[in-house]
Amino acid sequence: MSVLILGLLIFLGMHSLRIFANDWRNRQIARLGEKRWKGLFALASIIGFVLICWGFGLARQHPVLLYVPPMPLRHLNTLFTLIAFVLFFAARVPRNHIKAKLHHPQVLAVKVWAFGHLLATGMLHDVVLFGTFLLWAIVLFAVSRRRDRTAGTVYPAGSIKGDVLTVVIGVVVWVVFALWLHLWLIGVNPMA
């Protein structure tokens, strides 16, 4: 469990600098230059992500049951994950109404993904992983929306083309992930 927690601290710590240490972050960018900062940020994030994956795998070898979710909640997670995939791609597809309305759909994708997985799983390592991501996403979304209001950020208007593209890409990638990649990468068949 300690490797998982270390990975979460590194990965989410790096992704929380704008929340808790924005002035320090800005000074480092000025001191190092944007490209070097992004390189160091990416390196630390990758290290954190690898530790999360490795630590989660290690923790799964020593399961500690906290609760047994009812089967309908496990199935409901499928819907939550589909929504998360669409939200994730809404952050990347230009000019869609989802991003125009919600402003930070990728952070919402993390919230929906983490919440759905908390409903569907009940092991300690699941709660540590998904609960930490859910808490982080809740805080980041609130801070990001406040920052947008303070800065007067305006997001581009959406279009039907952007909406259709967002939903189609999200659904197709979700299908591929749910039917094949989740079992191959995680070792769990979410459709079983």
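Heads up: numbering here begins at 1 and tracks the sequence.
Clustering ILVMFWY residues whenever any of their side-chain heavy atoms sit less than 4.5 angstrom apart, transitively, puts W174 in the very cluster that holds W180. V167 and L82 end up in the same hydrophobic cluster when Ile, Leu, Val, Met, Phe, Trp and Tyr side chains are linked at under 4.5 Å. Hydrophobic clustering, with ILVMFWY side chains joined whenever heavy atoms are under 4.5 angstrom apart, keeps I10 apart from F20. Side-chain heavy atoms closer than 4.5 Å link hydrophobic residues (I, L, V, M, F, W, Y) into clusters, and following such links, even through other members, never connects V3 to V128.
The heavy-atom pair separating L183 from N189 by the smallest distance is CD1-N, 3.8 Å. In terms of heavy atoms, P190 sits closest to A178 at CG-O, 3.4 Å. Between A109 and A84, the shortest heavy-atom distance links the atoms CB-O, 3.2 Å. For the residue pair A44 and M14, the shortest heavy atom distance occurs at CB-CG, 3.7 Å. Contact record, P156 with A100: O-CB, 3.3 Å, taken as the closest heavy-atom pair. Shown here for V86 and T166, the closest heavy-atom pair between the two residues is O-CG2, 3.5 Å.
Listed for the H182 side chain is no donor-acceptor partner under 3.5 Å among the backbone atoms of L179. Judged purely by atom type and a 3.5 angstrom limit, S159 uses its side chain to pair as donor or acceptor with the backbone of G162. No side-chain donor-acceptor contact under 3.5 Å links H117 to the backbone of N77.
Considering CZ of R18 and CH2 of W24, their distance stands at 14.0 Å, rounded to 0.5 Å. Once rounded to the nearest 0.5 Å, the distance linking OG1 of T81 with CG of L76 reads 9.5 Å. Summarising the geometry, atom CD1 belonging to I186 is positioned 7.0 Å from atom CZ belonging to R60; distances are rounded to the nearest 0.5 Å.
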Worked check of side-chain contact (heavy atoms from CB on, under 4.5 Å) between V110 and F141: CA-CA 10 Å; V110 173; F141 187 76; over 6 Å; no

When you look at F177 and L185, which way does the side-chain contact (heavy atoms from CB on, under 4.5 Å) test go after all the steps? CA-CA 9 Å; F177 195 80; L185 294 171; 4.0 Å; yes

Derivation and outcome, side-chain contact (heavy atoms from CB on, under 4.5 Å), residues Q106 and R92: CA-CA 9 Å; Q106 182 170 329; R92 285 157 179 73; 2.7 Å; yes

Go through it in stages, so that I can follow the logic: the residues are K111 and L134, the test is side-chain contact (heavy atoms from CB on, under 4.5 Å), and I'd like the CA-CA distance, side-chain angles, deciding distance and then a yes or no. CA-CA 5 Å; K111 285 170 70 170; L134 178 60; 4.2 Å; yes

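With hydrogens and angles left out, the side-chain atoms of R31 and Q28 include a donor and acceptor closer than 3.5 Å.
Within 6.0 Å of CZ on R36 lie no more than 12 heavy atoms contributed by other residues, nucleotides or ligands.
The shortest side-chain heavy-atom distance between L87 and L102 falls under the 4.5 Å cut-off.
The ring of F85 has its center no closer than 6.0 angstrom to the ring center of W113.
Every side chain to side chain donor-acceptor pair (under 3.5 Å) that D148 has, sequence neighbours left out, goes to H104, Y155.
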Side chains of residues 48-59: which donor-acceptor pairs under 3.5 Å do they make with residues two or more places apart or in other chains?
none

